[in-house]
Amino acid sequence: MHRLLPRDARPAWSVMDLDALAHNVRVIRAMLRPSDRFYAVCKNNAYGCGTSETARVMLQAGADAFAVSDPEDAQRIRAAGVDAPILLYASTCPDMADAVADLGLIATVHDFASLDALSRVRKPVQVHVEVDCGYGRLGFTPDEWPTAFAQLRAAPGLSVVGLYTHLASVETAAAVSQQAQLFQRAADAAETAGFSDLERMAASSRVMLGYPELNLNAVNPGRMLYGMVEDPWRHHADLRPVVKAIKSRVLQVKTIPASFPMDDPRHAAAPGTLRTAVIAFGFKDGLPREPAGGTVLVRGRRARIIGLRATEHTIIDVTDIPGVAVGDEVVVVGAQGAEEISGHEAVSMYRMAMIELLPRMTLNTLRVYEGAEAGIS
Ligand SMILES: *Cc1c(COP(=O)(O)O)cnc(C)c1O
């Protein structure tokens, strides 16, 4: 006889703040003209915050449309009952052109193979054209622009909505300005081919924050939405972390016997005095295995992580924290009492970019949603 386990039987969970999300969307909307189209980027399951749970909140707070890198995220948006336009970044091979067209998305034409495949689809398809202005990744290179736009013009089934580029080296103003000039040339090439009134989109989060003149008439911020912008950009706007906390609980507390060969400086210095707790959180939950070190919070105090993380467990030093008991809540990221481990501190502790670190953990733990906006569904 099977009994249904509670969803949090193993205590590893993350807390999402939907009010912070709505706030961030409003901050972005306020940076735009009313006619600008605001694509909210929801790739990687909304940067780990959950596309199904966040899409409607973003729409109600001022986003116009969505952008995703995997048709599955598009399906999550539709499954949440949201029918706003969705731009699908280059993410599928040409043999999926029919399937992509069936989803009713704005597909991306990023090279001649995708152009060819989407023009053969037997139904009208809206497309955005991706041009490469210096990233060296996806999109038509400048020498291809005249031919590409001429072919798009001649493809009866394709309706071109706009063109976009993803800028490289955003830390360097000169590199951005050079790519922006090239993007203008792409827009000119489109116009020469007979396209007018296209969306022109070059602004991801850091471009919006550092080069607002490049907002043009459409933008596609991602990390700004979720409050995952790092230094120095984060000081350019009042954005709040959507990942409010990542938590676990204590599974066992013990004093390590003096005779144990445990590889830890404190144990080596004073054998028999090291008191540890094991928490139900490891690299399966997205906490990077290396580098060693880091801290978590328990009983409102900082506890040092001992050694590398294991698959599902992490050992912490609670020698100086009285009263730690089985079941105590442990904070990996977030606040507890007067202490806080911010996402920014976690980034420097685990030496991983925030848009990689936080989604690793939130996508592998139970996500719990908070905030007045959590009531909207
Ligand atoms: C991810 C992505 C964005 C958003 O980038 P952020 O830095 O998260 O704002 C914009 N455009 C493209 C093509 C992307 O892949």
Side-chain angles (χ1 to χ4, degrees), residues 21 24-25 27-29 31-32 36-49 51 54 58 63-74 77 85-92 105-111 114 127-140 161-172 175-176 179-180 182-183 186 199-212 214-234 236-237 239 241-243 343 347 352-360 362:
L21 176 69
N24 296 344
V25 171
V27 167
I28 296 169
R29 184 79 249 179
M31 296 168 75
L32 305 174
D36 294 343
R37 195 182 233 186
F38 170 5
Y39 287 89
V41 182
C42 291
K43 65 188 180 204
N44 195 19
N45 207 351
Y47 290 53
C49 296
T51 303
T54 56
M58 292 198 262
D64 300 310
F66 298 95
V68 299
S69 288
D70 183 333
E72 214 168 298
D73 276 315
I77 294 171
I86 303 175
L87 165 62
L88 178 65
Y89 293 140
S91 51
T92 54
L105 310 173
I106 305 170
T108 289
V109 168
H110 59 280
D111 64 358
S114 53
V127 297
H128 234 283
V129 184
E130 182 169 15
V131 293
D132 190 350
C133 296
Y135 200 120
R137 194 170 63 179
L138 292 157
F140 291 102
V161 173
L163 66 159
Y164 72 88
T165 192
H166 199 41
L167 300 183
S169 310
V170 293
E171 302 78 15
T172 317
V176 169
Q179 295 169 84
L182 262 184
F183 190 57
E199 287 177 11
R200 286 164 296 121
M201 182 158 75
S204 59
S205 296
R206 290 167 301 167
V207 177
M208 284 195 75
L209 292 168
Y211 314 90
L214 296 182
N215 286 351
L216 308 178
N217 63 2
V219 299
N220 61 161
R223 61 188 92 184
M224 273 179 95
L225 298 164
Y226 312 101
M228 293 185 190
V229 177
E230 293 184 44
D231 287 327
W233 312 92
R234 67 176 168 126
H236 292 222
L239 301 166
V242 173
V243 179
V347 158
M352 191 175 270
M354 195 178 290
I355 57 166
E356 181 176 359
L357 178 67
L358 296 184
R360 281 167 64 109
T362 59

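Counting from 1, the numbers follow the sequence of the chain as shown. Everything quoted here is computed from the prediction, not taken from an experiment. Both counts, for ligands and for their atoms, begin at 1 and track the order of listing.
The protein non-hydrogen atom at the shortest distance from atom 11 (N) of ligand 1 is Asn220 OD1, 3.0 Å. With hydrogens left out, the protein atom closest to atom 5 (O) of ligand 1 is Ser204 CB, 3.5 Å, a heavy atom. Protein heavy atom in closest approach to atom 9 (O) of ligand 1: Ser205 OG, 2.5 Å. The protein heavy-atom contact nearest to atom 7 (O) of ligand 1 is Arg223 NE, 2.8 Å.
Residue contacts with ligand 1 include Lys43, since one of its heavy atoms falls under 4.0 Å from the ligand.
For ligand 1, the polar-atom distance check against Ser69 finds no nitrogen or oxygen pair separated by under 3.5 Å. For the pair Glu130 and ligand 1, the shortest N or O to N or O distance does not fall below 3.5 Å.
Taking the six-membered ring where tryptophan is involved, the planes of Tyr39 and His128 are perpendicular, since the angle between them exceeds 60° and thus also 30°. Classified by interplanar angle (parallel below 30°, tilted 30° to 60°, perpendicular above 60°), the ring pair Tyr164/Tyr89 is tilted.
At least one donor-acceptor pair closer than 3.5 Å links the side chain of Thr108 to the backbone N or O of Leu88.
Under 4.0 angstrom from ligand 1, the non-hydrogen atoms of Pro221 all belong to its backbone. Residue-level proximity to ligand 1 for His166 is carried by the side chain, the only part with a heavy atom below 4.0 angstrom.
Ligand-side atoms of ligand 1 in range of Tyr47: 1 (C), 4 (C), 5 (O), 6 (P), 8 (O), range being under 4.0 angstrom from any heavy atom.
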Report task. Decide side-chain contact (heavy atoms from CB on, under 4.5 Å) for Met224 and Met31; before the verdict, give the C-alpha distance in whole Å, the side-chain angles of both, and the deciding distance to 0.1 Å. Result -> CA-CA 12 Å; Met224 273 179 95; Met31 296 168 75; 3.8 Å; yes
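Atoms CD1 and CD, from Ile106 and Glu199 in turn, are 6.5 Å apart once rounded to the nearest 0.5 Å. The distance from atom CD of Gln179 to atom CG of Leu167, rounded to the nearest 0.5 Å, is 5.0 Å.
By the 4.5 Å heavy-atom criterion applied to side chains, Glu130 and Ser114 are not counted as neighbours.
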